[in-house]
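As structure tokens, the structure follows; a few thoughts come after it.
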Amino acid sequence: MTRYDDAMQLALHEAERALQHGDVPVGAVILGVDGAVLAQAHNDREGSGDPTAHAEVLAIRRAAASRGVWRLEGCTLVVTLEPCTMCAGAIVLSRLERVVYGALDPKAGAAGSLWDVLRDRRLNHRPEVLPGVLAEPSSALLTAFFEGQR
């Protein structure tokens, strides 16, 4: 059990909400410096018709709006799936301190699986990365979704 299990449970609940409109079940939660939930979101590409409506991007936008600043220094992103390159870029640009994720994404992951954008020394910000938190339920939700698509 990690200190991020409760936040990952919230992210998993968000991921399940994505299923209501046929989207890939990915959920994200952003915790403030004090550990309180600042924002939560789920994938909404299908519902909104927006290709950038990944859970991480939506949560980052909501957290920045909540704080009134774009810099999310000291904040932690908890997400059910390893971020893609677009989301990794948004994470770096928003200055999140830490990224905690559940399932690995060997096809599009940008936090160590396929690429490692988050720890790339050429960038001006590198958040701490904690993989594998509640990986099994995160993976199971995604596997069930994609098996239903076949």
Side-chain angles (χ1 to χ4, degrees), residues 1-32 35-66 70 72 75-120 122-123 125-150:
M1 185 162 179
T2 72
R3 69 184 205 185
Y4 297 107
D5 284 7
D6 289 343
M8 187 62 79
Q9 288 291 350
L10 285 174
L12 283 162
H13 176 70
E14 280 293 326
E16 291 169 356
R17 293 183 61 204
L19 296 170
Q20 296 170 2
H21 42 80
D23 220 317
V24 178
V26 177
V29 172
I30 295 184
L31 304 174
V37 174
L38 282 179
Q40 40 193 97
H42 56 274
N43 274 2
D44 193 30
R45 292 180 306 169
E46 299 299 331
S48 67
D50 178 356
T52 69
H54 287 204
E56 301 96 318
V57 170
L58 296 173
I60 288 169
R61 289 175 184 162
R62 291 172 186 166
S66 169
W70 63 268
L72 298 177
C75 296
T76 299
L77 169 70
V78 179
V79 61
T80 58
L81 178 65
E82 179 182 0
C84 69
T85 54
M86 176 185 69
C87 293
I91 290 162
V92 169
L93 292 172
S94 66
R95 309 294 196 273
L96 281 157
E97 182 173 321
R98 182 176 305 101
V99 176
V100 177
Y101 70 86
L104 293 173
D105 187 351
K107 293 183 179 180
S113 289
L114 187 57
W115 296 286
D116 202 352
V117 173
L118 296 181
R119 291 177 280 210
D120 190 318
R122 296 168 291 183
L123 299 176
H125 179 72
R126 289 178 298 282
E128 177 184 7
V129 178
L130 301 170
V133 174
L134 296 184
E136 288 183 27
S138 297
S139 294
L141 191 57
L142 289 158
T143 299
F145 173 79
F146 285 112
E147 283 177 353
Q149 298 293 304
R150 294 184 185 127

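What you see is a predicted model, and the numbers here were worked out from it, not measured in a lab. Computed from heavy atoms alone, side chains included, the values below leave out hydrogens, waters and symmetry copies.
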query = Do T80 side-chain atoms and G102 backbone N/O form a donor-acceptor pair below 3.5 Å?
reply = no

remark   = Separation between CG (L58) and CD (Q40), nearest 0.5 Å, reads 12.5 Å

ask   = Just wondering, do L134 and D5 contact through their side chains at under 4.5 Å, heavy atoms?
value = yes

query = Backbone N or O of A111 within a donor-acceptor pair of the E82 side chain at under 3.5 Å?
reply = yes

note = Output for pair (D23 CG, H54 NE2), nearest 0.5 Å, gives 8.5 Å

key: Distance (rounded to the nearest 0.5 Å) between L130 CG and R3 CZ   = 8.0 Å

inquiry  = Has H125 got a side-chain atom pairing as donor or acceptor with L96's backbone, closer than 3.5 angstrom?
reply    = yes

ask   = Which pair of heavy atoms, one from C75 and one from G32, lies closest together, and at what distance?
value = SG-CA, 4.0 Å

ask   = Checking N43 side chain against A55 main chain: does a donor-acceptor pair fall under 3.5 Å?
value = yes

message = A side-chain contact here means heavy atoms from C-beta on lying under 4.5 Å apart; do T85 and L114 qualify?
response = no

ask   = Between A39 and A59, what is the shortest heavy-atom contact and its length?
value = CB-O, 3.5 Å

task = Looking only at non-hydrogen atoms, find the nearest pair between I91 and P127 and report the distance.
result = CG2-CG, 3.9 Å

inquiry  = For S113 versus P106, what's the shortest heavy-atom pair and its separation?
reply    = CB-CA, 4.0 Å

request  = Compare all side-chain heavy atoms of V117 with those of D120 and state whether any distance is below 4.5 angstrom.
outcome  = no

inquiry  = How close do Y101 and P83 get, counting heavy atoms only, and between which atoms?
reply    = CD2-CD, 4.2 Å

inquiry  = Could you tell me if the side chain of L31 sits less than 4.5 Å from the side chain of V37, heavy atoms only?
reply    = yes

task = Calculate, to the nearest 0.5 Å, the distance between atoms CG and CG belonging to L118 and L77 respectively.
result = 9.0 Å

ask   = If you round to the nearest 0.5 Å, how far is CD1 of I60 from CG of L93?
value = 9.0 Å

inquiry  = Can you give me the closest heavy-atom contact between V24 and R45, atom names plus distance?
reply    = CG2-NH2, 3.7 Å

